[in-house]
Every structure is written in structure tokens, then in C-alpha cells.
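Just so you know, residue 1 is the first one in the sequence shown, and it goes up from there.
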Amino acid sequence: IASFCHQAVAGVLAAERSGFVHANLRPSRLLVGARGMLRIIGYAEPDWLSKIHRCEKGRAGKDFVAPEIVSSLESPDARADIYSLGIIFQ
């Protein structure tokens, strides 16, 4: 589990350095291949989606969304994704 967590955090930070924030991470968005390589899927959602739409897209996903995404009009950053990973890997 520690290896998957490390890979997920590294992936989120690499994506953020490239200008991408997921803002809707959940367990079903983390895929593990046969060799133990973790992949994060779902970065293709457009930026113009409202915060409400992001949260309502999947009912299960709401449990993993950072509170600031729901309660703020500001754009999320990598911290929201790190929060989601903390919930996922707790």
C-alpha cells in the first residue's frame, strides 16, 4: 500500500507541475497494472465544469472531494488532490 500511495502522490505532483489538477480523485480512478505500476485516470475533465458538477458526477466520489472544492469558488490545486489521496489511503 505504501508504494501505491507514494506513486499516487508523485503522479499528482507531476500533473500539477504540468498545470493539471484532478479535483475528483476516488479509488476507481487509481488503476494498478500487473507490474505494480499505479496510473491515475480521469484528468480529461474540462476546467469549465462547475464545482457542483465535479462533486455530483459520481455519488461515491463526493466522499473523497476536498472540502474547499465544495465550499469555495477558487480553483482547486494539488492540495485538494493530496487530501483526496489521504482519504483513499487512510
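- A search for side chain to side chain donor-acceptor pair (under 3.5 Å) contacts involving Ser28 returns nothing, not counting sequence neighbours.
- Partners of Leu38 under the side chain to side chain contact (heavy atoms under 4.5 Å, CB included) rule, at least two apart in sequence or in another chain, are Phe4, Gln7, Ala8, Leu30, Val32, Ile40.
- Annotation: salt bridge (charged side-chain N to carboxylate O under 4.0 Å, His left out) contacts involving residues 78-90, sequence neighbours excluded, comprise Asp77-Arg79.
- Hydrophobic cluster membership of Met37, counting Ile, Leu, Val, Met, Phe, Trp and Tyr whose side-chain heavy atoms lie under 4.5 Å apart directly or via other members: none, as it forms a cluster of its own.
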Listed pairs under 3.5 Å, donor-acceptor, residues 82-90 side chains, sequence neighbours left out:
residue, atom, partner, partner atom, Å
Ser84, OG, Phe64, O, 2.5
Ser84, OG, Ala80, O, 3.2

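- Ile1 and Leu31 fall into different hydrophobic clusters, where Ile, Leu, Val, Met, Phe, Trp and Tyr residues are linked whenever their side-chain heavy atoms come under 4.5 Å apart, directly or through other members.
- With sequence neighbours excluded, no residue forms a side chain to side chain contact (heavy atoms under 4.5 Å, CB included) with Ala10.
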Go through it in stages, so that I can follow the logic: the residues are Val65 and Leu25, the test is side chain to side chain contact (heavy atoms under 4.5 Å, CB included), and I'd like the CA-CA distance, side-chain angles, deciding distance and then a yes or no.
CA-CA 7 Å; Val65 174; Leu25 282 173; over 6 Å; no
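- No donor-acceptor distance shorter than 3.5 angstrom exists from the side chain of His22 to the backbone of Ala78, with no hydrogens or angles considered.
- With sequence neighbours excluded, no residue forms a side chain to side chain contact (heavy atoms under 4.5 Å, CB included) with Arg35.
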